[in-house]
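In what follows, a structure is listed as structure tokens, so that the remarks can point back to it.
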Amino acid sequence: MTTNDVDTYIRWETDGDVAILTMDAPGRSANTMTDEFTASLADVVDRLESEREKLSGVIITSAKKTFFAGGDIFEMMRLAPEDAARLEASGIAIKSLLRRLEKLGIPVVAAINGAALGGGLELALACHRRIAANASGTVIGLPEVTLGLLPGGGGIVRSVRLLGVVAALESVLLAGQRHGPEAALELGLIDEVVAPDQLIGAAKAWIASGPEPAQPWDRKGFRVPGGTINDPAVAAMAGPLTARLRARTGGSPAPAAAAILATAVETSHLDIESAGVVESRYFAQLATGQVAKNMMNFFADTQKVRSGASRPDGFDRFVVKRLGVVGAGMMGAGLAYEGARRGIDVVLSDVSTEAAAKGKGYAVKLVEKSIAKGALTQDAADELLARIVPTDTLSDFAGCDAVVEAVFEDPALKQDILREAVKHAGTDALLASNTSSLPIGSLATALDRPEGLCGMHFFSPVDRMPLVEIIRGVDTADETIARAVDLGIQLGKNPVVVNDGRGFYTSRVITSYIDETLAMVGEGCRAASVERAALKAGYPVSPLKLIDETTLTLPRKVRREKKAAFEAAGTPWVVHPAEPVMDRMIDEFERPGRSSGAGFYDYVDGRRTGLWPGLAEHFGADADVPFEDMVERLLFSEALETARCFDEGILSSTAEPNVASVLGIGFPAWTGGAVQYIKGYPGSVGGFVERARELAARYGDRFTPPESIVVVADQNKSLDWDNDAGRWA
Ligand code: NAD
């Protein structure tokens with residue numbers, strides 16, 4: 001084998017008459033679409049064209065754990081609208097290199113030895129054959145839509161020609177699915193799956209078989225599978241696809257999905273070069289727009305949180321082998337399953353062994369489902385379930401590295417449990433409460449070592465919700481937080497760290513959303529319009545449905561406790577317009593929620609049948625509130641409460657609330673999170689402040705923007721938190 005000795009991005013080696021091109025970005029852990037890559041690709045394509053007579057084929061592979069990772073998000077986040085023309089031109093330039101590669105006249109194989117997502121798959125799609133290694137890290141797809149982008153390196157144009165307009169949109173482009181090698185093969189995105197050590201051999205064998213070195217779309221008589229926009233069948237699908245997209249997004253800002261749909265349909269009948277130009281134009285518009293910026297920022301924030309950005313330094317990684325969970329109800333049962341499925345031994349306790357076993361039953365059900373789907377073998381399932389030991393006594397907590405309590409939301413009960421648990425688990429164990437609103441500082445007063453306790457607020461259902469909110473009480477030690485972050489990561493969650501306070505961050509902010517919804521109902525806004533406004537804003541679930549599921553009694557209890565605490569502290573209590581609505585719904589109409597068979601919706605045999613007509617009768621339905629105000633009242637109520645959390649010291653970085661608001665409480669993903677929403681509002685912080693004042697003038701003082709962000713707006717600055725100074729930078 002001969003090798004070029006140049007330290008370039010793409011290493012050129014020859015094995016006989018096969019050129020093996022290995023992507024190996026110097027000094028980086030992954031191959032990304034940088035200027036160096038493009039320059040190196042240009043050199044390689046020039047050389048391939050000049051040496052093609054001597055070669056029988058080309059193999060493209062990677063020296064990294066992943067194949068190719070696509071665009072560099074951190075660079076792209078800096079793009080501004082004025083960069084659009086440059087971006088479009090550079091996209092077209094890269095595509096012309098890929099076009100030359102697929103028109104080389106000798107077979108080119110992508111030997112995919114790891115993740116080929118986004119740009120990675122686009123590069124592979126420009127090869128004549130795609131062979132993937134059957135390894136756990138091999139994931140294949142075009143997930144750009146999840147970053148507010150579209151695949152701008154030929155991904156739409158080629159996937160449409162490979163799979164057809166509708167299949168490409170539904171299986172690859174609109175939801176950005178990540179496929180394992182077998183699924184990608186079945187879909188037709190790749191051609192072959194082999195063992196990792198046979199990858200290059202399989203590529204060489206295919207070259208040796210003498211295949212025709214041409215893409216399907218460059219062969220005579222090619223037709224896009226299923227037809228183009230000029231075919232009545234595809235043209236007829238365009239409308240329903242748009243309608244389906246609207247139904248999925250509720251009309252909320254989804255520029256990426258809309259642009260993907262438009263590109264796929266509009267370019268299906270064009271020649272590949274012209275189609276590529278249109279694709280690049282849409283890409284440049286999207287990539288330089290605000291929604292992409294928000295979503296890329298969210299991606300970066302999530303990475304920060306996952307890498308434990310708020311984990312205090314200086315403590316060894318904490319690995320939990322044995323976890324004690326008290327309370328085998330909805331949350332405890334979910335936690336036990338999450339632990340066991342990650343190899344942790346779990347002792348699950350409740351008031352009786354039967355109650356604890358019932359909690360284990362949740363894991364049994366989930367495991368049965370996984371077996372039915374073929375995702376788990378019976379042996380692995382048996383092992384998982386054997387790790388959960390139900391008990392009625394905390395003395396079984398001996399040897400636990402960590403204890404999480406998830407009993408009823410009752411401070412005295414929680415204190416008793418924590419005191420008792422620590423006796424058995426030992427003072428060195430991490431101690432956490434899964435309370436959703438009780439201040440950790442006051443729970444800790446019952447303990448000899450308050451520094452060992454923190455909050456670990458999981459979300460329901462625990463096995464599906466990817467967030468844990470870790471709460472630092474006044475006395476909580478740094479080491480306790482570091483350990484809780486490690487346990488959160490061990491359980492597969494995004495751990496955000498916040499400071500103590502009633503409702504911490506998430507419960508407090510979602511309360512403001514629920515309250516604003518109730519206020520609108522109380523003002524006489526049509527309930528159906530309020531529900532629609534939430535979907536238009538981009539919330540995944542409309543608020544009255546959500547309130548019915550969780551019941552009104554819960555927020556009323558939390559509110560009453562808060563009010564009592566205010567009165568005890570002599571702090572004046574401002575009545576929120578939500579309060580009378582809550583009281584009337586519970587006391588006067590006896591409609592606290594779904595579990596009671598009546599809420600904002602009617603239920604027949606447990607099935608939701610429609611909004612309760614009594615709402616219009618008792619609260620009115622003709623309030624003069626513009627629909628856009630309804631949409632923004634929901635978003636602003638949460639964004640403003642987030643800003644207040646900074647003022648009150650609950651939050652100390654912007655990544656935390658961005659990640660927690662989207663992953664924990666359904667703040668719309670297109671915003672990039674509750675802080676990014678303020679930052680990215682039209683006119684930035686200044687525009688947000690102005691609109692908040694308008695809403696305050698119309699709907700009440702709760703919309704008055706906090707002075708802290710007014711100052712940022714007045715100084716025309718961006719909203720960046722300086723944690724050392726404890727204020728906006
Ligand atoms: P749940 O009512 O479903 O379960 C509570 C369990 O605790 C019951 O099985 C009960 O028998 C058990 N229990 C009560 N006293 C006990 C004792 N002395 N010893 C052992 N077990 C005892 O409640 P849940 O929804 O799982 O909530 C538990 C905690 O998690 C609460 O603090 C709640 O605020 C919090 N939380 C709930 C959610 C949610 O969506 N349900 C979300 C986040 C946090």
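By convention here, the first residue in the shown sequence is residue 1. Counting starts at 1 for both ligands and their atoms, following the listed order. All values below were derived from every heavy atom in this structure, side-chain atoms included, with hydrogens, water molecules and symmetry-related copies excluded.
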Would you call Ala355 a ligand 1 contact, heavy-atom distance under 4.0 Å?
no

Contact with ligand 1 for Glu405, non-hydrogen, under 4.0 angstrom:
no

Partner of Thr476 under side-chain contact (heavy atoms from CB on, under 4.5 Å), chosen from Ile481, Leu453, Asn499
Ile481

Which residue and atom name correspond to the protein heavy atom nearest [atom], and how close is it?
| atom | result |
| --- | --- |
| atom 29 (C) of ligand 1 | Val407 O, 3.3 Å |
| atom 33 (C) of ligand 1 | Glu409 OE1, 3.6 Å |
| atom 28 (C) of ligand 1 | Ala406 O, 3.2 Å |
| atom 6 (C) of ligand 1 | Gly329 N, 3.7 Å |
| atom 41 (N) of ligand 1 | Met330 CE, 3.2 Å |
| atom 30 (O) of ligand 1 | Asn434 ND2, 3.1 Å |
| atom 9 (O) of ligand 1 | Asp350 OD2, 2.6 Å |
| atom 27 (O) of ligand 1 | Met331 CG, 3.7 Å |

Under 4.0 Å from a heavy atom of [X]: which atoms of ligand 1 are those, numbered in the order shown and with their elements?
| X | value |
| --- | --- |
| Lys414 | 31 (C), 32 (O) |
| Ser460 | 39 (C), 40 (O) |
| Leu413 | 15 (N), 18 (N) |
| Ile417 | 17 (C), 18 (N), 19 (N) |
| Phe458 | 42 (C), 43 (C), 44 (C) |

Of Asp602, Asp583, Asp548, which is the lone residue that meets salt bridge (Lys or Arg N to Asp or Glu O under 4.0 Å) with Arg591?
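Per the salt bridge (Lys or Arg N to Asp or Glu O under 4.0 Å) rule, the option paired with Arg591 is Asp602, out of Asp602, Asp583, Asp548.
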
Can you spot which of Arg464, Lys493, Arg387 makes a salt bridge (Lys or Arg N to Asp or Glu O under 4.0 Å) with Glu338?
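By the salt bridge (Lys or Arg N to Asp or Glu O under 4.0 Å) criterion, Glu338 pairs with just one of Arg464, Lys493, Arg387: Lys493.
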
Check whether [X] reaches the backbone of [Y] with its side chain - one donor and one acceptor, N or O, closer than 3.5 Å.
| X | Y | result |
| --- | --- | --- |
| Ser596 | Ala598 | no |
| Lys414 | Val407 | yes |
| Glu469 | Tyr505 | yes |
| Glu409 | Thr435 | no |

For this output row, return yes or no: ring centroids of Tyr513 and Phe667 closer than 6.0 angstrom.
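No, ring centres 6.0 Å or more apart.
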
Which label fits Phe589 and His618: parallel for a plane angle under 30°, tilted from 30 to 60°, or perpendicular past 60°?
tilted

Should [X] be counted as touching ligand 1, given the test is an N or O pair under 3.5 Å?
| X | answer |
| --- | --- |
| His457 | no |
| Ser436 | yes |
| Thr435 | no |

Between Thr391 and Thr393, do the side chains contain a donor N or O and an acceptor N or O under 3.5 Å apart?
no

Of the side chain and backbone of [X], name the one, both, or neither that has a heavy atom under 4.0 Å from an atom of ligand 1.
| X | answer |
| --- | --- |
| Val326 | side chain |
| Leu438 | neither |
| Thr550 | neither |

Give a yes or no on whether Arg317 atom CZ has more than 12 heavy-atom contacts from other residues, nucleotides or ligands under 6.0 Å away.
no

Protein heavy atoms near atom 23 (O) of ligand 1, is at least one of them under 4.0 angstrom away?
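No; the ligand atom in question lacks any protein heavy-atom contact below 4.0 Å.
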
Would you call Asp515-Arg559 a salt bridge at under 4.0 Å N-O?
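Looking at Asp515 and Arg559, the cut-off is met.
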
Looking at Arg472 and Asp478, is any side-chain nitrogen of the basic one under 4.0 Å from a carboxylate oxygen of the acidic one?
yes

